[in-house]
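Written below as structure tokens is the structure these notes are about.
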Amino acid sequence: MDKVIITVVGKDTVGIIAKVCTYLAEDSINVLDISQTIVSGYFNMMMIADFASSTKSFAEVSSDLDALGENIGVAIKCQKEEIFEKMHRI
């Protein structure tokens, strides 16, 4: 399994989860876990996804998610699990 961590942050609007998940499904990226909250109108979501079946490279997916985020008014960041874990180790 090739896990990635995807974070989405921005002003809450209708369809954020649907648009992100639609992109992932179209590229055969399986969502393994998802957590989202809305605080005072601001949307925050963290996803763990399996990237192993994607036909695109990690760089392509990351770039596509950046563009999607700009299009829908949120910031979307994608990191490989091993990098995320090393960055958040205490």
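Note: hydrogens, waters and symmetry copies are ignored here, and every other heavy atom, side chains too, is used.
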Looking at every non-hydrogen atom in both residues, tell me the closest pair between V61 and S54 and how far apart they are. CG2-OG, 4.1 Å
Which residue pairs pass the side chain to side chain donor-acceptor pair (under 3.5 Å) test with at least one member in residues 8-20, sequence neighbours excluded? none
Report yes if the side chains of I48 and I5 come closer than 4.5 Å at any heavy-atom pair, otherwise no. yes
Return the set of residues passing side-chain hydrogen bond (donor to acceptor under 3.5 Å, both in side chains) with S57 (not counting sequence neighbours), or none when no residue passes. E60
Search all heavy atoms of K80 against all heavy atoms of F58 and return the closest pair with its distance. CE-CG, 3.7 Å
May I have the list of side-chain donor-acceptor pairs in residues 23-39 shorter than 3.5 Å, sequence neighbours left out?
residue	atom	partner	partner atom	Å
Y23	OH	D27	OD2	3.1
Y23	OH	D64	OD2	2.8

Out of I16, V20, V8, which one pairs with L68 under the side chain to side chain contact (heavy atoms under 4.5 Å, CB included) rule? V20
Residues C78 and I6: closest non-hydrogen pair is SG-CG1, 4.0 Å
Kindly write out the residues that satisfy side chain to side chain contact (heavy atoms under 4.5 Å, CB included) with A75, not counting sequence neighbours, or none if the list is empty. none
Main-chain N/O of A18 paired with T22 side-chain donor or acceptor, under 3.5 Å: yes
Under the side-chain contact (heavy atoms from CB on, under 4.5 Å) criterion, do D66 and K77 qualify, and how do the steps go? CA-CA 7 Å; D66 281 342; K77 299 299 173 201; 3.8 Å; yes
Using a 4.5 Å side-chain heavy-atom cut-off and chaining through intermediate ILVMFWY residues, the residues clustered with Y42 come out as none
